[in-house]
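Order of the sequence lines fixes the chain letters, A, B, ..., with proteins taken first and strands second; residue numbering starts at 1 for each chain.
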Amino acid sequence: MTSADSRPTPDSLASTLTERQREAVEYTDGPLLIVAGPGSGKTRVMSHRIAYLIGELDIPAWQVLAVTFTNKAARELRERCERLLGGDVPDLQVRTFHSWGSQVLRREGGRVGLEPGFSIYDDDDQIRLMRQILDQLKVDTKRYAPRAILGIISDAKNILLDAQHFEPSVGSYFEEIASRAYELYEKRLREANAVDFDDLLLITHRLLDSNIDLLETYQRRYKHLLIDEFQDTNPIQLGLARLLAGGHENICVVGDPNQSIYSWRHADPKNMLDFKKFYPNAKIVALDQNYRSTQTIIEASAAVIGNNQGRIPAELWTENPKGSPIVIAEAYTEEEEADLVLQEVMRLRDEDNVDLNEIAVMYRINAQSRALEVACNRHSLPYQLVGGLKFYERREIRDMIAYLRVVANPPDDIALERIINQPARGISAKSIDAIRSAARGLGTSEWELISDIEEPGHELRSALNKRAVNSISAFVDMIKFLADRSHQVSVTELIDVTLERSGYKRLIQEDQDRGDERWDNILELRGTANHLAGTSPREELLEFLEDAALVSAVDTMADDEEGLLTLITLHQAKGLEYDAVFMVGMEEGMLPHIRAMESAEDLEEERRLCYVGMTRAKRHLYMLRAFRRSFRGMSGASLPSRFLDELPEEFTVRENSIRTSSSRPRARQPESTVKTPMQVRAKLAAPSPVPAGPKTSYAPGEQVTHEKFGEGIIIAVDDDRGDQMITVIFKTAGQKMLSAEYANLTKVEKVKKPSKMRSQVDGFVDT
DNA sequence: TTCCCCACCCATTGG
DNA sequence: GGGTGGGGAA
């Protein structure tokens, strides 16, 4: 994909800006809110604005701070600024909030007891830590899931509630547990000289908020603030922005309330709507001309988003040609859905000359990527999966990072425990337990405890057997050696030494099945250490670890030249654009997702997600659904997404793919693919494998209506002592489990949709 | 002590 | 379908 507006408008001259855009670029005195619809040239405006500040107004580059949503967006924005300014601008700060916070904490964290080498705990680290804490509190981790507790803590942090202030607000036993866990969690993080993701923002905020001298330093430093994707900022980020802008109020925020899709991560779209409240004198510029998509796509997506109540009524328009209709297709299963996508992708590539890197398949949840991957492999089509099992989540990568983290920051207990016996060196789980509880007792980190285990009277020497003590001692020596080296050699060299000295290299090489692959991964990690720019080996190591902790999935996306089909979630696709976009899983329960069908707000966010997906497309948009989708091994039927119904018919063409598939030659199809129209198959499915109940019997796939819940479709039937327990997805009420005996369901005869489609179809899949 | 296998539990979206 | 944790065997 190319970034926001690479269509043939020359990017180098300010004169190419529209009047509106120019207004947004040149209004540099005081708060500015840019409401930028999709494809309205927002990145262009931001880069021109920065170039204008630096190039025209002679503002020193280091006085400008631009904040973006991902590192990738930061990289691209920087490149564009540099292109406009005609050279590198290393002093210009373009970062994500998290990486900016991290930078401030490295420098100023000493005031709250953070050493510069602090570790950043990610999801996995947090869960490991929380599990230990819950064990320590003798709490059953089955009843109180570490993830749930961490969720509560994160919620608290995001409304600036620290552990002490959280306690009085406790209203349930669950919160009581969470409160105690929160306190210990914070204590352990500090002992480990570590922070979590929330802390990167929270502690930075606390630092600036309570140290007026620091705040003034930063306010003086950054004279101009730009914040992208403002609709997805959370309260702490807003707080940070307001602190920094205090005084000069040169704060320019860019966003689109209709693309706010991260409220579950505490993002608050109200930040955007309230901007005028914080800054009553704010100027507002609306960029509502779309340069990206065809008129069809723009109008159809406007119709969908128009169903949301609480939106800013900024109508997007375009001068682009009408383009071809949006293709809506139905497949029987997810495999067939994937196959349809692939057929059409290959047709686009071969007949319409669309580059694969200009095509993306988008879905609601990561699990949907599997069927697509399988199809890509079957058709030998090169693809890239964005997200999925991320590079940095692979075991060997995590292990290597853990080694380096211990070297950089020995008190990092979670990292230390990860590698102390990896490869196996005779330090058993029992020994580690003993170390951990002894360290807890002393209120120190595990490293501090074991680092002088050689001392004759060391308390662990009596608790552990001699072999264990020797092993631990050898481990301590190794870490000390590596820590010493870390001050002298490059990260690349440090990785090499670590691999040798730790025995990890041998461990990998002895892995018969996956050894080569894992070794390649390690080499790839080693390769990323090449472009570090620190001033000392130590700084480079910290930079390396920080990058590793803060990379996002999209940051690592392949370059356009590689010609890969992109498989990506709708969330990750925000900010990207493609010639052709396939949205799969357009079903009730999928998009909107089943867990977001309860409340009106959640539903509106799902609709915005749909809007984001649709507006990624420049020319071709396909929306597919599968009639049956397997989930947790089981297969269930589903209704078409309500969002499909919201598309005006004039912009769409419906393709009954089932009939198409019968005429399509298949390479090798398992027996499951019966070549019958969907309606017929739904009837075939009716006498299901589920034992029939005594009275009216139901089966998955049948449509029913309920007095209260309305229209729905049965997705599962379980036999419960003669009575059938029926799981139904209702169009409005969501998923319900009902008793066949009492639910009083009425079966609905399948009504054939008027088949207007075949004749108008412009060759979708049907070659 | 380590490794392997099986059972069980889980799954929206992500920096 | 997949990851993890626990238990048993080597």
Side chain to side chain, A:Leu576 and A:Ile568, heavy atoms closer than 4.5 Å
yes
Checking base pairs now: Watson-Crick or wobble, both atom distances under 3.5 Å. What partners C:dG6?
B:dC5
Could A:Glu334 and A:Arg370 be called an ion pair, given the rule that one side-chain N must be under 4.0 Å from one carboxylate O?
no
Looking at A:Asn366, I'd like to know whether one of its side-chain N or O atoms comes within less than 4.0 Å of OP1 or OP2 on B:dT13.
yes
Considering only nitrogen or oxygen atoms on both sides, find all protein atoms under 3.5 Å from nucleotides 7-10 of chain C and state each distance.
none

Could you state the CD-C1' distance from A:Glu393 to C:dG3, rounded to the nearest angstrom?
12 Å
Stacking between A:His571 and the base of B:dT13 (centre distance under 5.5 Å, interplanar angle under 30°)?
no
Phosphate-side-chain proximity, A:Gln572 and B:dG14, N/O vs OP1/OP2 below 4.0 Å:
yes
Whole angstrom value for the distance that separates P of B:dT12 from CZ of A:Arg629:
15 Å
Per atom distances to the A:Asn465 side chain, the nearest of B:dT1, B:dT12, B:dA11 is B:dT1
Output the single nucleotide from B:dG14, B:dT1, B:dG15 whose closest atom is nearest the side chain of A:Thr569.
B:dG14
Without decimals, in angstroms, what is the distance between A:Gln368 CD and C:dG1 C1'?
15 Å
Take atom CG of A:Asn158 and atom P of B:dG14, then tell me their distance rounded to the nearest Å.
17 Å
Starting at CZ of A:Arg467 and ending at C1' of B:dT2, how long is that distance when rounded to a whole Å?
11 Å
With nearest nucleotides of DNA chain B determined for A:Ile427 and A:Asp198 from heavy-atom distances, which residue corresponds to the more 5′ nucleotide?
A:Ile427
Winner on side-chain proximity to A:Arg595, out of B:dT12, B:dA11, B:dT1, is B:dT12
Does A:Asn421 put a side-chain nitrogen or oxygen below 4.0 Å from OP1 or OP2 of B:dT1?
no
Counting any heavy atom closer than 4.0 Å, what does A:Arg131 reach on the DNA or RNA strands: base, sugar-phosphate only, or nothing?
sugar-phosphate
For the side chain of A:Trp264, starting at C-beta, report the closest nucleotide among B:dT12, B:dC3, B:dT13.
B:dT13
Between B:dT1 atom C1' and A:Asp433 atom CG, what is the distance in whole Å?
14 Å
Is the closest basic N to carboxylate O distance between A:Arg128 and A:Glu417 below 4.0 Å?
no
From OH of A:Tyr392 over to P of B:dG14, roughly how many Å is that when rounded to an integer?
18 Å
State whether A:Asp602 and A:Arg595 are salt-bridged, where the test is any N-O pair (Lys NZ or Arg NE/NH1/NH2 against Asp/Glu carboxylate O) under 4.0 Å.
no
Salt-bridge contact A:Asp135-A:Arg131 (side-chain N to carboxylate O under 4.0 Å)
no
Need to verify one output field. Residue with the more 5' nearest nucleotide on DNA chain C, A:Arg395 or A:Arg370?
A:Arg370
Is the aromatic ring of A:Tyr262 within stacking range of B:dT13, meaning centres under 5.5 angstrom and planes under 30 degrees?
no
By nearest-nucleotide position on DNA chain B, the 5'-leaning member of A:Glu606 and A:Val554 is A:Glu606
Regarding A:Lys72 and A:Glu76, does a basic nitrogen lie under 4.0 Å from an acidic carboxylate oxygen?
yes
Below 4.0 angstrom, N of the basic side chain to O of the carboxylate: do A:Glu186 and A:Lys157 qualify?
yes
Expressed as a whole number of angstroms, how long is the span from A:Lys430:NZ to B:dT1:P?
8 Å
A:Asp433 bridged to A:Arg436 by N-O distance under 4.0 Å:
yes
Out of B:dG15, B:dT1, B:dT13, which nucleotide sits closest to the side chain of A:Ser428?
B:dT1
For A:Asn234, report the nucleic acid contact type (base, sugar-phosphate, nothing); a contact means any heavy atom under 4.0 Å.
nothing
Touch check for A:Asp123, heavy atoms < 4.0 angstrom, all strands: base, sugar-phosphate only, or nothing?
base
Pick the P atom in C:dT4 and in B:dT13, then give their distance to the nearest Å.
16 Å
Tell me, please, which residues at least two apart from A:Leu160 pass side-chain contact (heavy atoms from CB on, under 4.5 Å).
A:Leu202, A:His205, A:Ile236
